[in-house]
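Report on the following structure.
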Amino acid sequence: MKLAGRPLPAKFYARDTITVARELLGTLLIHDTPEGRTAGRIVETEAYLRDDPACHAARGMTPRNTIMFGPSGRAYVYLIYGMYWCFNVVTASKGVGEAVLIRALEPLEGAELMSRRRGRAEPKSWCSGPGKLALALNIGKAQNGVSLLRGPLRILPGGPVPERVHVTTRIGIQAGAELPLRFYLEGSLCVSRK
DNA sequence: GGAACGATTGAT
DNA sequence: TCAATCGTTCCT
């Protein structure tokens with residue numbers, strides 16, 4: 001897998017959030033840090049929409065969710081349960097508070113780093129959940145608001161996507177639980193739940 | 001100022 | 001099934 005080339009352009013993100021969530025499947029998430037490079041193929045996403053009660057932005061702008069209302073193509077990173085970071089991609093037009101949660105990756109590069117950061121866990125579980133992949137790629141508070149169009153944290157186009165896309169309800173939410181807004185590559189061993 | 005809660009995870 | 005753990009949000 002070649003991890004070079006141009007990141008996905010701004011136009012990719014400035015679209016309907018459900019479309020972006022689907023089309024992010026198969027793309028490549030890369031994080032270069034002083035420790036080295038870690039990268040993986042996105043295999044699971046969830047869409048969060050402005051009129052969706054589970055979306056942080058559904059009840060208007062707050063200090064935490066301000067990034068979601070800004071330009072698309074940036075990272076929205078927040079702390080959940082006081083312990084884990086969740087990495088999202090901001091989508092749609094400026095002023096529209098929507099994003100895609102990246103829920104799972106298939107590890108592609110940086111096995112040694114991921115192994116060290118994830119402790120005792122098998123490779124297919126390094127990035128099989130939002131909190132896990134944030135740990136494996138060392139994504140946290142410092143990445144909130146950064147551009148994904150250039151810089152150390154970026155997303156490159158993937159190859160063709162042969163797998164079927166599976167659509168289900170989202171994981172771990174109460175309100176809006178019935179909405180079919182979770183997408184994953186059927187057959188992937190690295191999704192958070194099948 | 002205080003309290004309830006959460007887009008999770010790993011151990012029991 | 002359950003605890004860990006703390007920033008955010010909302011209420012007083």
Side-chain angles (χ1 to χ4, degrees), chain A residues 13 16-22 24-25 27 29 31 38 40 42-70 72 74-92 96-107 114-146 148 153 155 165-185 188-194:
Chain A
Y13 300 101
D16 165 70
T17 298
I18 291 177
T19 301
V20 177
R22 279 183 170 273
L24 277 171
L25 295 176
T27 64
L29 176 63
H31 196 196
T38 44
I42 295 174
V43 296
E44 180 181 346
T45 63
E46 281 178 358
Y48 286 83
L49 312 179
R50 58 179 150 177
D51 58 349
D52 156 16
C55 179
H56 286 175
R59 285 160 296 283
M61 196 181 294
T62 66
R64 178 177 67 170
N65 68 22
T66 300
I67 295 293
M68 294 182 77
F69 291 88
S72 54
R74 292 185 182 177
Y76 168 53
V77 183
Y78 69 90
L79 184 67
I80 186 68
Y81 295 110
M83 303 183 71
Y84 299 100
W85 296 96
C86 285
F87 168 67
N88 299 251
V89 172
V90 176
T91 57
V96 176
E98 302 194 343
V100 173
L101 171 67
I102 308 303
R103 286 194 57 91
L105 308 175
E106 173 190 317
M114 288 192 193
S115 175
R116 194 189 316 161
R117 289 168 176 165
R118 290 282 291 111
R120 189 168 170 280
E122 49 182 339
K124 70 178 180 185
S125 300
W126 286 342
C127 304
S128 61
K132 299 178 188 180
L133 73 87
L135 285 171
L137 271 63
N138 196 30
I139 295 172
K141 188 186 183 83
Q143 281 67 47
N144 189 33
V146 303
L148 303 171
L153 184 63
I155 301 179
V165 174
H166 224 77
V167 184
T168 74
T169 55
R170 294 169 295 181
I171 307 284
I173 58 167
Q174 308 301 320
E178 73 287 355
L179 302 173
L181 294 174
R182 173 176 177 246
F183 308 91
Y184 69 86
L185 293 182
S188 174
L189 300 175
C190 300
V191 298
S192 63
R193 274 167 50 176
K194 309 229 174 45

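Reminder, nothing fancy here: chain letters follow the sequence lines and each chain counts from 1.
- Relative to the side chain of R64(A), the nucleotides dT9(C), dT9(B), dA7(B) differ in distance, and dT9(C) lies closest.
- For Q174(A) and dC5(B), the CD to C1' distance is 11 Å, given to the nearest whole Å.
- Side-chain proximity of M68(A) to the nucleotides dA7(B), dC10(C), dG10(B) is greatest for dA7(B).
- Under 4.0 angstrom from either OP1 or OP2 of dA7(B) there lies no side-chain N or O belonging to R182(A).
- Counting only heavy atoms from C-beta outward, the side chains of E44(A) and S188(A) never approach each other to under 4.5 Å.
- In the set dT8(B), dA7(B), dA4(C), the nucleotide with an atom closest to the side chain of M83(A) is dA4(C).
- Remark: C1' of dC6(C) and NZ of K141(A) are 11 Å apart, rounded to the nearest angstrom.
- Listed nucleotides dT9(C), dT9(B), dA7(B) differ in distance to P130(A); the shortest reach to its side chain belongs to dT9(B).
- If you check every strand for non-hydrogen atoms under 4.0 Å, R170(A) touches nothing.
- Of the two residues contacting DNA chain B, namely L135(A) and I80(A), the nearest-nucleotide position lying further toward the 5' end is that of I80(A).
- Distances shown here put every side-chain N or O of H56(A) at or beyond 4.0 Å from the OP1 or OP2 atom of dT8(C).
- As a whole-Å value, the separation of N144(A) CG from dG7(C) P is 14 Å.
- Each of dT8(C), dG10(B), dA7(B) was ranked by its minimum atom distance to the side chain of Y48(A); first place goes to dA7(B).
- At least one side-chain heavy atom of Y78(A) sits less than 4.5 Å from a side-chain heavy atom of N88(A).
- Checked by atom type and distance alone, the side chain of T45(A) pairs as donor or acceptor with a backbone atom of A21(A) at under 3.5 Å.
- For Y81(A) and dG6(B), the ring-to-base geometry does not satisfy the stacking test (centroid distance below 5.5 Å, interplanar angle below 30°).
- If you take OH of Y78(A) and C1' of dC5(B), they are 13 Å apart, rounded to a whole angstrom.
- Here dT5(C) presents its C1' atom at 10 Å from OH of Y84(A), a figure rounded to the nearest Å.
- Comparing dT8(C), dT8(B), dA7(B) by their closest approach to the side chain of Y76(A) singles out dA7(B).
- Comparing dT8(C), dA7(B), dC6(C) against the side chain of L101(A) picks out dA7(B) as the nearest.
- Between the CD1 atom of I67(A) and the C1' atom of dT8(C) there is a distance of 15 Å, given to the nearest Å.
- Among the atoms of the strands shown, only primed sugar atoms or phosphate atoms (P, OP1, OP2) are found under 4.0 Å from some heavy atom of G131(A).
- A close approach under 4.0 Å does occur between a side-chain nitrogen or oxygen of K132(A) and OP1 or OP2 of dG10(B).
- L133(A) has its CG atom 12 Å from the P atom of dT8(B), to the nearest Å.
- R118(A) has its side chain out of reach of P107(A): every pair of non-hydrogen atoms, C-beta onward, lies at least 4.5 Å apart.
- For the side-chain contact (heavy atoms from CB on, under 4.5 Å) test with L181(A), the passing option among T169(A), D52(A), I173(A), V167(A) is D52(A); the others fail.
- In this structure, M61(A) places its CE atom 12 Å from P of dT9(C), rounding to the nearest Å.
- Looking at heavy-atom distances under 4.0 Å, R118(A) makes contact with sugar-phosphate atoms alone, never a base.
- Using a 4.5 Å heavy-atom cutoff, the side chains of I18(A) and F183(A) are in contact.
- The partner of dT5(C), taking Watson-Crick or G-U wobble pairs whose two distances both stay under 3.5 Å, does not exist in any strand shown.
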